[in-house]
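A quick write-up on the structure given underneath.
Worth knowing before you read on, the calculation uses all heavy atoms, side chains too, and leaves out hydrogens, waters and symmetry mates. None of the values given here were measured: they were computed from a predicted structure. By convention in this document, chain letters (A, B, ...) are assigned in the order of the sequence lines, proteins followed by strands, and residues within each chain are numbered from 1.
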Amino acid sequence: MNASGKTGPLVEVEDLSVNFVTRESNVRAVNGVTFTMMPGEVLCVLGESGSGKSVTMRALMRLLPPKRSVITGKIRVAGEDVLAMSEAALRRMRGATVSMIFQEPMTAFDPVTRVGDQITEVIRLHRGVNQAAARQRALDLFELVRIPSAQQRLDAYPHELSGGLRQRAMIALALSCEPKLLLADEPTTALDATVQIQVLILLRRLQQELGMSVIFVTHDLGVAAEIADRVAVMYAGRVVESGPVRDVLRSPLHPYTAGLLASTVHDQPPGRDLETIPGAPPDMRNLPPGCSFAPRCSLAGDDCRTTTPPAIEAAPGRIARCLRVHAPEAALV
Amino acid sequence: MDTSTTLAPIDARDRGGPRQPLLIVRNLRKHFPIRSGVLGRVSAHVRAVDGVSFTVMKGETLGIVGESGCGKSTVARLLMRLLKPDGGEHIFDGEAVGEAGGISVAEMRRQVQMVFQDSASSLNPRMPVQGSVAFGPIAFGTPRDRALAQARQLLAKVGLDPVLYGGRYPHELSGGQKQRVNVARALALDPRMVILDEAVSALDKSIEAQVLNLLQALRRELQLTYVFISHDLSVVRWISDRVMVMYLGEVVEIGPSNAIYETPKHPYTRALLASRPALDPDNRRLEAPVSGDPPSPINPPSGCRFHTRCPFAEPVCSARAPALGEGDVMAHLAACHMQDAASGHSKAVREIRH
Amino acid sequence: MSTTTATASPPATINATPPRQRGYWGNVGYRLRYDPVTLLFGTVLLLIILCAIFAPLIAPFDPYQESIIRRLKPPGYRGHILGTDELGRDVLSRILFGGRITLTMGILPVMVATLIGGGLGVLAGFAGGLINALIMRVMDVFYAFPSVLLAVAISGAMGGGAVNGMIALTLVFIPPLCRVAETATTQVRNLDFVDAAKATGAPLRLVLWHHVLGNILGPVLIYASSLVSVSIILASGLSFLGLGVTPPEPDWGLMLNALRQAIYISPLVAAMPGIAILITSISMNMVSDGLRSAMDVRS
């Protein structure tokens, strides 16, 4: 790739696989995930627990335990090969190019240090500015994420902040070095409904103002609808469908996406049974051959149980891994 | 076999007939003391449940919604008497619970069971799941073998093959399977009422729908009465006949499900409903309905507890607490000064008078 | 309507996994069998205990038989496999016989303390409130002193001898075991399954027995087993100071004390009782570690 590439993709993941190896078992958490992402895009990785969505995200930052995890494939972030990086280069990337926010903000903060001091310290470390400048920047960040009475809140300890404020403070911390890419791992899942929507709107606004790219991991279709440009639906360690959020939510291609949409409770008439996907996700230590969704799929045939479906581009920008989905040319024949 | 007799419309334990509410709660209160200092002096109270009143009819499902700290889980534990209320009346099928001349707590517990949220900690990790299901009946004197046989039948009823799963330990089951076991355990004593405290909240969406369908089927088959507690408004709407909205330990609105969702009266209910993600990328929420987090229930705001976040707040709202009012069971009530023409609020309902 | 068992899962899955009917302890045993390290040290421990029990049968010499001419001979001297001590007694025989006293002083105090301390801890944890405060504050008083000092002080106050030494050790171990049991009980008591059991209306004693005890037994037993090696070392220390077992009884700590003066003359012999203590306590710790991982159902 040429290095001029401001117009090139920010993230390229090719055939990423992550195995967790222990003495007794081999968990195939991610099995050949491929996606690219342009600068300024918001990609939602949608999936249920155990689908490999968080593991994919951590692999992007190489945050997985090196002894127990085997990562194969290619990850390039801002043109650099993440899997080949030295520890020093990795440290520079984390925070400066890529930053991460989590479901539980308490994990990101030291409980016995004031939040303002923590953010100030990070800014000084990464930017080499003096204390006063760093403090001013921290205050600007708190105002950016709309923390009321920011000046006083800088001097608060993490436990003194409410859940929503803590989440905002963590976003401020993550933005302190102006990352090109923000990884968000279910940052609104633990929040109350009225607070969740505030944080979602804030993230959307920040993303647009700062021109950042965001990868947003969630299990909630509604959250994806609020924030995503594109979605990638994961099931059993694979991206089974990806495409623009509008198209995927309106006319899902993959039976799993369709089932997920149908079984999400949202103003269905009471008194009638909800549509469900029968069965449960597969054991990741012992994945079935062929399509992992076949055992739960109403459209599955014998071919699904033997052949792993290839990625098919059914429409421009829309990819599905399902034998029942056809490329447009094939459909015309 | 005994469950097939539920085709008979009248339960032997039924006292007042179908018109008598199964549960009446009046002015229920629970304040947790906060102790501080070396001597453990009480410095403040968490006013977790502060004067809650409601009624549950036989065979209906009452949904309780609200955000964290609103007291909905405390209500569940009070109804089960896992916590002792600080005040208020608690009447089960016409009999006062735990009072002289009423029904004893132990007897009430045989008729009211609970399903807990956290499927991980709600099953004994050292006990095969059929043992957990059979524990209640064994404690009440059912011979062990018969109780275990019943437990296996119940596991089958909630969709778990007893041969395959009965002898397993909780860690060998998935979250959805554990929650099915929890449902089976709640049914083991053949209760009349089940309290479901965030029973599906921890489950994946595709599993959540399965368990919700199961709960509805069981309710119909066994003629159960549910109190369904959740933070998920969509789920509550689907399962409930009536809905009660709580905020900081108080009931702010109660009424038939359709009324609450179609014509919410309280600004908080409207905010909650408007905070739900739209599921439509072309119709995104542009502005948050309310700002800030719910305040702490330790020192709740004066007057109407929602006035600190309410877009319509006026001086009267912080001065005086609005009353929920009274009505029959199906009445749609909201504790808001705007619903009371005499409150002095500038937006108080007037059109009704015209 | 069909009968109640109509809604079972599809038949295809029935023979997927065989039904598991191994009980909890069966599971623990099954896992221990596949843990070579624990098995190895368990065997060593078993051998040590068997040696102590059958000491009269396997000891090559009388452990009390002194000999002026055979003092402090090196290992291998005329059939004295581990040499002789400062009074010419066979060290191997004394270690074998000494195991009886030393192991008893290691295990018995811990067992008694587990019953008393564990019981108090469960009571404190489950009752909470005033009872908890009362029990735990008394324990805190004992906690204020280092265990060695406490053992020395108690047995010093009661006078020497093996029995008094064991009583002292028991008293030393009650507070930590009580603390562990109390912490475990408090944690378990707040879990939902205990509430669920209470919500069935079952009597409290059944809830305690079926849902609380089973879940704290693991941590308490594991902690107790790790205390055995501490107890052996403390018992040896008491004897070393002249407070536990009195001469000429063969106790490992006492032997270590007596042979201390010979450390420059016959260092190898002088080290023997120490090695015995070391091997026993390492084995005990390893077995306790193995037990800990085997008893963790979730792994």
If I measure from the heavy atoms of chain A, does [X] come under 4.5 Å with its side chain, its backbone, both, or neither?
| X | result |
| --- | --- |
| B:E208 | side chain |
| B:Q177 | neither |
| B:L286 | both |

Under 4.5 Å from a heavy atom of chain B, the part of [X] involved:
| X | result |
| --- | --- |
| A:L260 | side chain |
| A:R296 | side chain |
| A:I227 | backbone |
| A:L249 | side chain |
| A:Q196 | side chain |
| A:P278 | backbone |
| A:P244 | neither |

Between [atom1] on residue [X] and [atom2] on residue [Y], distance to nearest 0.5 Å:
| X | Y | atom1 | atom2 | value |
| --- | --- | --- | --- | --- |
| A:R204 | B:R285 | CZ | CZ | 10.5 Å |
| A:D220 | B:K205 | CG | NZ | 5.5 Å |
| B:S275 | A:L191 | OG | CG | 12.0 Å |

Considering non-hydrogen atoms only, spot the tightest contact between [X] and [Y] and give its length.
| X | Y | answer |
| --- | --- | --- |
| B:W238 | A:P270 | O-CB, 3.3 Å |
| A:I201 | B:A288 | CD1-N, 3.4 Å |
| A:G279 | B:I207 | O-CD1, 3.8 Å |
| A:H266 | B:L279 | CG-CD1, 3.5 Å |
| A:A224 | B:R284 | O-NH2, 4.3 Å |

Looking only at atom types and distance, does a side-chain atom of [X] sit under 3.5 Å from a main-chain N or O of [Y], one as donor and one as acceptor?
| X | Y | answer |
| --- | --- | --- |
| A:E226 | B:P281 | no |
| B:Q216 | A:D273 | no |
| B:D204 | A:S49 | yes |

**Message:** If the threshold is 4.0 Å, N to carboxylate O, is there a salt bridge linking B:D293 and A:R166?
**Reply:**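 Not counted as a salt bridge, because no side-chain N and carboxylate O are separated by less than 4.0 Å.
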
**Prompt:** Salt bridge check: are A:R250 and B:D280 linked by an N-O gap of less than 4.0 Å?
**Reply:**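 Result for this pair is yes, salt bridge flagged.
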
**Item:** Which of B:L272, B:L212, B:D282 touches chain A most, by non-hydrogen pairs under 4.5 Å
**Value:**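 That would be B:D282.
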
**Asked** Which one of B:S240, B:P277, B:A217, B:P295 has the most heavy-atom pairs closer than 4.5 Å to chain A?
**Response**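 Among the listed options, the one with the most contacts to chain A is B:P277.
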
**Asked** With a 3.5 Å cut-off and no angle check, do the side chains of B:E67 and A:T194 form a donor-acceptor pair?
**Response**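 Checked: B:E67/A:T194 side chains pair up, N/O donor to acceptor below 3.5 Å.
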
**Message:** Can a side-chain donor-acceptor contact be found between B:S291 and A:Q198 if the only test is distance below 3.5 angstrom?
**Reply:**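 B:S291 and A:Q198 do not have a side-chain donor-acceptor pair below 3.5 Å.
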
Is it true that, when you exclude [X] itself, more than 12 heavy atoms of the residues, nucleotides or ligands shown sit nearer than 6.0 Å to its [atom1]?
| X | atom1 | result |
| --- | --- | --- |
| A:E275 | CD | no |
| B:E287 | CD | no |
| B:R220 | CZ | yes |
| A:R146 | CZ | no |

Among [options], who wins on heavy-atom pairs under 4.5 Å with chain B?
| options | answer |
| --- | --- |
| A:G163, A:A262, A:S263 | A:S263 |
| A:S162, A:G50, A:P148 | A:S162 |
| A:L274, A:T276, A:I197 | A:L274 |

**Request:** Would you please test B:S206 and A:E48 for side chain to side chain donor-acceptor pair (under 3.5 Å) and show each step?
**Result:** CA-CA 8 Å; B:S206 69; A:E48 298 183 280; 3.0 Å; yes

**Item:** Chi angles and distances behind the side-chain contact (heavy atoms from CB on, under 4.5 Å) call for A:D192, B:H231
**Value:** CA-CA 8 Å; A:D192 280 323; B:H231 68 279; 5.8 Å; no

